[in-house]
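These values consider heavy atoms only, across backbone and side chains, with no hydrogens, waters or symmetry-generated copies. A, B, ... follow the sequence lines: proteins, then strands. Residue 1 opens every chain.
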There are 2 protein chains.
Amino acid sequence: MAKSVKIDQQEASKALADTIYVIGGKWKLPILHSICNGNIRFKDIEESIPGLSNRMLSRNLKELEENKLITRVMSNETLFYEYHFTEYSKEYGDLMLKMIEWGKSHRKKIIQST
Amino acid sequence: MAKSVKIDQQEASKALADTIYVIGGKWKLPILHSICNGNIRFKDIEESIPGLSNRMLSRNLKELEENKLITRVMSNETLFYEYHFTEYSKEYGDLMLKMIEWGKSHRKKIIQST
DNA sequence: CGGTATCCTCTCTGATACTG
DNA sequence: CAGTATCAGAGAGGATACCG
């Protein structure tokens with residue numbers, strides 16, 4: 001019994017490490033949010049996130065695509081590359097919204113106490 | 001109108017960058033979860049997370065304390081240092097649970113497709 | 001028990017420039 | 001427009017040893 005609790009704990013540790021591996025880093029969450037917000041083109045995403053360079057955007061988009069959180073397709077209509085959420089990643093929209101709230105309130109919390 | 005949407009977007013970007021700054025890195029989420037799971041002593045936390053060295057644990061605990069996500073107190077009863085969640089961080093327990101689920105299901109998703 | 005100190009490596013990130 | 005190439009700096013993370 002105590003042992004299975006310990007194993008559960010270690011499983012959760014690994015799952016959390018995976019999670020942070022996939023959405024970690026300075027830009028992945030902002031990029032996902034930008035796409036979620038309607039920006040589907042490279043240039044648009046880049047301009048929607050202050051401080052983000054095209055190099056980091058390129059790299060992070062590639063990693064997000066490898067993890068199947070977004071897709072990259074050439075649009076037949078516009079003839080531009082478009083980035084979109086996958087069905088898979090849409091499930092986690094609310095998780096992201098909570099992180100946004102968390103970041104906002106946390107900033108206030110830390111600022112007011114220093 | 002379009003402008004305020006853009007500003008909202010940039011605000012969210014910053015909030016998400018803050019969030020990932022505070023809970024980012026390989027070990028912060030596993031550490032928080034371990035404490036949440038009843039481990040309150042340095043040694044216990046260390047042993048509950050495979051691969052975590054005492055050096056990284058020490059550093060990350062300090063940072064989490066600075067961000068007011070945990071407290072570190074000497075217990076009068078046991079005479080050991082104890083780490084606890086703050087009222088503040090308890091609000092985000094469900095956020096962490098979702099990340100655990102996410103990590104678990106994501107691992108399955110990626111493994112099956114390769 | 002609960003950490004620090006030191007050293008080392010490797011990845012992330014940024015700045016600048018260039019390309020199909 | 002949508003990136004890639006190159007170089008350089010900072011810091012996260014790991015290994016090992018030591019301390020009050």
Check whether any side-chain heavy atom of [X] lies under 4.5 Å from a side-chain heavy atom of [Y], and answer yes or no.
X: B:Met99; Y: A:Leu95; result: yes
X: A:Thr71; Y: A:Glu65; result: no
X: B:His106; Y: A:Tyr88; result: yes

Please determine, for the side chain of [X], which listed nucleotide ([options]) has the closest atom?
X: A:Phe42; options: D:dG3, D:dT4, D:dC1; result: D:dG3
X: A:Lys26; options: C:dT13, D:dG3, D:dA12; result: C:dT13
X: A:Phe80; options: C:dC1, D:dA17, D:dA2; result: D:dA2
X: B:Asn54; options: D:dA17, D:dA2, D:dG13; result: D:dA17
X: B:Arg59; options: C:dG3, D:dG13, C:dA17; result: D:dG13

Side-chain N or O of [X] less than 4.0 angstrom from OP1 or OP2 on [N]?
X: B:Tyr83; N: C:dG3; answer: yes
X: A:Ser58; N: D:dT4; answer: yes
X: B:Lys62; N: C:dT4; answer: yes

Please report, rounded to the nearest Å, how far the [atom2] atom of [N] is from the [atom1] atom of [X].
X: A:Tyr81; N: D:dT4; atom1: OH; atom2: P; result: 10 Å
X: B:Ile70; N: C:dG2; atom1: CD1; atom2: P; result: 13 Å
X: B:Glu46; N: C:dT4; atom1: CD; atom2: P; result: 13 Å
X: B:Leu61; N: C:dC1; atom1: CG; atom2: C1'; result: 14 Å
X: B:Glu47; N: C:dG2; atom1: CD; atom2: P; result: 10 Å
X: B:Asp44; N: C:dG2; atom1: CG; atom2: P; result: 8 Å
X: A:Glu82; N: D:dG3; atom1: CD; atom2: C1'; result: 16 Å
X: A:Leu57; N: D:dG3; atom1: CG; atom2: P; result: 8 Å

With a 4.0 Å cut-off, would you call A:Lys90 and A:Glu87 a salt bridge? yes
What contact category does A:Lys28 fall into here, base, sugar-phosphate, or nothing, at under 4.0 angstrom with non-hydrogen atoms?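 Nothing, no heavy atom under 4.0 Å.
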Is there a donor and acceptor pair closer than 3.5 Å between the side chain of B:Arg55 and the base of C:dT6?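 Answer is yes: a donor-acceptor pair is held.
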Nearest-nucleotide comparison on DNA chain C, the residue closer to the 5′ end among B:Arg41 and A:Gly25: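 Nearest nucleotide further toward 5': that of B:Arg41.
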Test item: side-chain donor near acceptor, B:Asn37 and A:Gln9, under 3.5 Å: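 Note: B:Asn37 and A:Gln9 side chains meet the donor-acceptor criterion.
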